[in-house]
Amino acid sequence: MAKSEDKTPSFEMTWGSSTSSGYCSDEESDSEFEQYFTARTSFFPKTKKPENVVVKKDEQTEWAKQELTTPDIQQKVKEYNAQINSNLFMNVNKDGSYTGFIKVQFKLARPVSVPPPKKETGRKSAGVKRRTSFYLPKDASKHLHISSRTTAREVIEALLKKFTVVDNPGKFALFERSERHDQVYLRKLSDDERPLRLRLGAGPNEKLLSFVLKENETGEVNWHAFSMPELKNFLRILQREEEEHVKQIVQRYALARTRMQEALSGSTPG
């Protein structure tokens with residue numbers, strides 16, 4: 001898969017801003033030692049004003065089902081290239097396939113795992129594998145140069161490789177996003193769908209079609225997909241949050257009790 005020459009901020013830049021604060025685990029006796037960093041204050045994301053999203057069934061868009069001849073593809077690619085104002089053109093190959101760029105936006109609610117910084121690898125103990133997990137910056141995105149034969153599953157694997165994410169690709173899913181009549185529509189792509197075919201069919205307008213990488217939700221979190229060190233770190237984070245919430249509640253009630261006692265002592269009978 002060819003490298004993209006886009007001007008998207010490098011992963012190293014986002015790394016620095018993402019690990020500035022949060023939890024760090026340094027107590028692990030398992031064969032895998034993992035450090036967890038999070039720029040968020042909570043393991044659970046804060047509730048936000050819900051976006052007006054309609055989740056569509058996992059059915060391919062009409063233009064993705066169309067079987068185009070080579071002349072049809074050449075014409076559509078020509079029309080596509082005439083509409084863009086960048087150098088991210090599509091190119092048709094002799095065999096009728098074509099290559100081009102897609103932009104994928106990250107909308108991940110949970111942390112991802114990556115190898116540790118190189119400076120730490122020299123301090124590794126024999127048989128101990130170190131990994132670091134953190135939240136990707138909100139709305140991070142990446143351009144990929146792919147082929148019309150590249151599947152959604154291959155796009156996910158390529159994205160994880162570019163960001164050196166070592167999590168199981170099965171934890172993630174690629175969605176198509178579109179905006180119509182003040183509503184946002186999301187549709188989960190099947191593993192064998194071809195994102196570049198969708199891009200060509202919809203044209204370059206990202207309101208008509210854009211791509212989003214999200215967790216592969218099935219209604220509930222599939223905790224079995226996480227490794228033992230990941231689960232232990234999640235439990236540590238939850239325990240710290242629980243202790244902090246209990247502390248805040250105790251302080252709130254103690255303050256309220258003190259104020260009521262002060263009010264009682266200052267009042268006169270009658």
S97 side-chain N/O to S148 backbone N/O, donor-acceptor pair under 3.5 Å: no

Donor-acceptor contact present, side-chain R199 to main-chain L209, <3.5 Å: yes

Side chain to side chain, L196 and T150, heavy atoms closer than 4.5 Å: no

Residue pairs involving residues 72-83 (criterion side-chain hydrogen bond (donor to acceptor under 3.5 Å, both in side chains); sequence neighbours excluded): T69-D72, Q75-E79

Pairs involving residues 82-106, ordered by first then second residue, that meet salt bridge (Lys or Arg N to Asp or Glu O under 4.0 Å) (sequence neighbours left out): D95-R149

Sequence-distant partners of E243, side-chain contact (heavy atoms from CB on, under 4.5 Å), two or more places apart: Q239

Inter- and intrachain pairs under side-chain hydrogen bond (donor to acceptor under 3.5 Å, both in side chains), touching residues 253-264, at least two apart: none

R180 charged N/C atom sitting above Y185 aromatic ring, 6.0 Å / 45°: yes

Any donor-acceptor pair under 3.5 Å from D167 side chain to S113 backbone: yes

Ion pair check, R187 and E193, cut-off under 4.0 Å: yes

T99 vs S147 side-chain heavy atoms within contact, under 4.5 Å: yes

F106: partners by ring-ring contact (aromatic ring centres under 6.0 Å, His included), with sequence neighbours left out: F163

Qualifying salt bridge (Lys or Arg N to Asp or Glu O under 4.0 Å) pairs with a residue from residues 201-210, counting only residues at least two apart or across chains: none

